[in-house]
Amino acid sequence: MRFGFAVKILGRENHKSHDARRWQNNPHLLHSIEFAHKTFDYLESTGISMYRFPSDFAPYLTHPTMPQFHNQLDEAKTELEALGKRAKQLNLRLSFHPSQYILLNTPSPKLRDSSIKEFEMQAKILDIMGCGDEAVVVTHVGGVYGDRIGSTERFIENHKLLPERAAARLVLENDDVSYGIDDTLKIHEGTGIRLIFDHQHHTCFNIGQMSHEEACVAALRTWTNARPKIHFSSPRTEKRIVKRVDKATGKKMAFQHDPLLSQHADYVDFTTFIPFARKVKDEYGEFDVMVEAKSKDLAVLKLKHDVKGLEGFLVE
DNA sequence: CGATGTCAAGGAATC
DNA sequence: GATTCCTTGACATCG
């Protein structure tokens, strides 16, 4: 079992995950790759073996009005290959997760096509790096557009438009408001797409009768060519004070929010994780865990510590 | 240097 | 049809 986190390292100060400068300053994938080597240094020194790249790792790579950025994969080919070689040496499992604006099931052909381009490019980065089938690009089903059934079917239809390499990398995750495991399983039947089970999302949105363990095992069984992976996080339970601009006065006001199931806690509640993971492992076998906690890598290190030496857990 | 505004992008709820 | 929230960090500019 591997544990990983997304994008940002909290355990090091002044660490950048990618070249985030604005387009006026000509950011480039080559700079992001240098940062990624630093990230890999950290993964190596802490023993973390799974990592998700930032979605804008290659800045403006598919931006419709900025063609000057569109050749970055060619321009950084050698460096990407070297980065991939190093990932292999470190036995790292890598992934991407495009942003909320990338939507395969949109009714807009324009947005659909630009989304497909984005999936294709992120898959291509992993291809150039020489990553195996375990390195995936994660997406959600997308919007409802007033018609859940139609929008689900449109995902299946639009999936056929993906270039072969993009389709091979793309995997589908259940979300917390619109499309649950029942929906993603249906889409799997129609497309063969592999499924990520998100434990917290299943807590938020589960219109069927499946338990977390049942739903998870069903998702894991869609992986035929690589070890499956799940997302795990715990809901935030404490109340939270946020500051927002009050429209009437223009002043910043403090608002108190109730705890929300969909918000991520700083760390993972291992008293939930351990029995869940045990059951799933008994039923299915080995899988990896992407930790989506606010404390990122620190939460991974704590969870690894929490399960270390426990019967049934072989932490890689 | 600290504070504040801004960033490519969509969807859903509300009126 | 227009507006606001969602939500996050870091870049970039302003005073």
Side-chain angles (χ1 to χ4, degrees), chain A residues 5-28 31-32 35 38-39 52-70 72 96-122 139-148 150-152 154-155 158 175-179 183 200-201 204-205 233 235-236 240-266 292-299:
Chain A
F5 67 98
V7 181
K8 189 179 152 60
I9 292 175
L10 298 186
R12 288 277 181 278
E13 291 202 351
N14 304 321
H15 180 88
K16 290 183 163 68
S17 56
H18 67 289
D19 188 354
R21 291 172 300 164
R22 309 258 161 96
W23 63 267
Q24 292 88 338
N25 296 309
N26 292 312
H28 201 283
H31 293 293
S32 289
F35 296 142
K38 294 258 178 18
T39 299
R52 179 196 300 164
F53 284 118
S55 52
D56 35 10
F57 189 58
Y60 304 98
L61 180 64
T62 63
H63 194 294
T65 63
M66 298 197 205
Q68 70 269 36
F69 289 101
H70 292 185
Q72 287 178 88
F96 278 100
H97 195 340
S99 76
Q100 61 188 119
Y101 305 107
I102 308 303
L103 294 154
L104 186 61
N105 83 334
T106 174
S108 149
K110 195 172 156 218
L111 179 59
R112 175 199 67 197
D113 290 344
S114 63
S115 296
I116 287 173
K117 192 73 192 165
E118 186 74 16
F119 291 136
E120 185 184 5
M121 288 299 114
Q122 298 203 349
T139 190
H140 295 285
V141 181
V144 174
Y145 310 99
D147 175 13
R148 284 175 50 79
S151 297
T152 304
R154 196 164 49 246
F155 186 102
N158 290 352
D175 71 49
D176 59 343
V177 287
S178 306
Y179 295 101
D183 303 301
Q200 187 176 2
H201 289 167
C204 298
F205 188 82
S233 49
R236 171 172 288 275
R240 196 173 65 120
I241 308 290
V242 298
K243 289 195 173 156
R244 235 194 270 154
V245 177
D246 184 277
K247 224 181 69 176
T249 63
K251 280 187 179 174
K252 272 200 175 174
M253 307 283 288
F255 289 87
Q256 188 177 67
H257 282 243
D258 285 335
L260 289 173
L261 275 183
S262 60
Q263 291 183 351
H264 291 159
D266 293 344
E292 294 188 322
K294 244 186 114 210
S295 292
K296 305 277 184 187
D297 51 313
L298 304 180

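Just so you know, these numbers use all the heavy atoms, side chains as well, and skip hydrogens, waters and symmetry mates. The chains referred to below are lettered A, B, ... by the order of the sequence lines, with proteins before strands, and numbering in each begins at 1.
A distance-only check finds no donor-acceptor pair linking the side chain of A:Asp297 to the backbone of A:Ile9 [under 3.5 Å]. Between the side chain of A:Thr62 and the backbone N or O of A:Glu118, no donor-acceptor pair lies under 3.5 Å. Checking side-chain atoms of A:Arg12 against main-chain N and O of A:Thr39 turns up no donor-acceptor pair under 3.5 Å. Between the side chain of A:Glu292 and the backbone N or O of A:His264, no donor-acceptor pair lies under 3.5 Å. Using a distance-only test at 3.5 Å, with no hydrogens or angles considered, a donor-acceptor pair links the side chain of A:Tyr179 to the main chain of A:Gly143. For A:Ser295 (side chain) and A:Leu298 (main-chain N/O), no donor-acceptor pair under 3.5 Å exists by modelled atom type.
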* To do: Assess whether side-chain contact (heavy atoms from CB on, under 4.5 Å) is satisfied between A:His140 and A:His97, documenting all intermediate values.
  => CA-CA 9 Å; A:His140 295 285; A:His97 195 340; 3.7 Å; yes
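One interatomic measurement links the two molecules: NE2 of A:His140 to C1' of B:dA12, which rounds to 16 Å at whole-angstrom precision. Atom pair A:Ile9:CD1 and C:dA10:P shows a separation of 12 Å (rounding to whole Å applied). In this structure, A:Asp147 atom CG and B:dG11 atom C1' are separated by 15 Å, rounded to whole Å. Across the protein-nucleic acid pair, A:Leu104 atom CG and B:dG11 atom P stand 13 Å apart, rounded to whole Å. Here the P atom of nucleotide C:dA10 and the CZ atom of A:Phe35 are 12 Å apart, to the nearest Å. Note: CD (A:Gln100) to C1' (C:dC6) measures 7 Å, nearest angstrom. For A:Leu10 and C:dT8, the CG to P distance is 13 Å, given to the nearest whole Å. Whole-Å rounding puts the A:Tyr145 OH to B:dA13 C1' distance at 16 Å.
Distances shorter than 4.0 Å separate some side-chain N or O of A:Asn25 from OP1 or OP2 on C:dA12. Phosphate contact (OP1/OP2 of C:dG9, side-chain N/O of A:Lys16, threshold under 4.0 Å): absent.
Taking atom P on both B:dA13 and C:dT7, the two are 14 Å apart, rounded to the nearest angstrom. Distance check on atom P: B:dA8 versus C:dA12 gives 10 Å, rounded to whole Å. Spacing between B:dT6 and C:dT4 at atom P, rounded to whole Å, works out to 15 Å. For the P atom pair drawn from B:dG10 and C:dA10, the interatomic distance equals 24 Å after rounding to whole Å.
Counting non-hydrogen atoms under 4.0 angstrom, A:Val177 reaches nothing in the nucleic acid. Backbone-only contact: A:Thr106 has heavy atoms under 4.0 Å from sugar-phosphate atoms and none from a base.
Within the model, atoms OG of A:Ser233 and NZ of A:Lys294 stand 13.0 Å from one another, a figure rounded to the nearest 0.5 Å. A:His28 NE2 to A:Leu61 CG: the interatomic distance, rounded to the nearest 0.5 Å, is 9.5 Å.
In summary, the side chains of A:Arg112 and A:Ser115 do not present any donor paired with an acceptor at a separation below 3.5 Å, with no hydrogens or angles considered. Side-chain polar atoms of A:His63 and A:Thr65 form a donor-acceptor pair below 3.5 angstrom.
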Report all interatomic pairs (protein N or O, nucleotide N or O of nucleotides 6-9 of chain B) with separations under 3.5 Å.
residue	atom	partner	partner atom	Å
B:dT6	O2	A:Arg22	NH2	3.1
B:dA8	OP1	A:Tyr60	OH	2.8
B:dA8	O4'	A:His63	NE2	2.9

Provide a list of protein-nucleic acid N or O atom pairs under 3.5 angstrom, restricted to nucleotides 13-15 of chain C.
none

* To do: Could you provide the dot-bracket string of DNA chain C, using ( ) for intrastrand pairs, [ ] for crossing pairs and | for bases paired to another strand, with Watson-Crick or G-U pairs below 3.5 Å?
  => ||||||..|||||||
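Nearest heavy-atom pair across A:Asn105 and A:Asn158 is CA-ND2, 4.0 Å.
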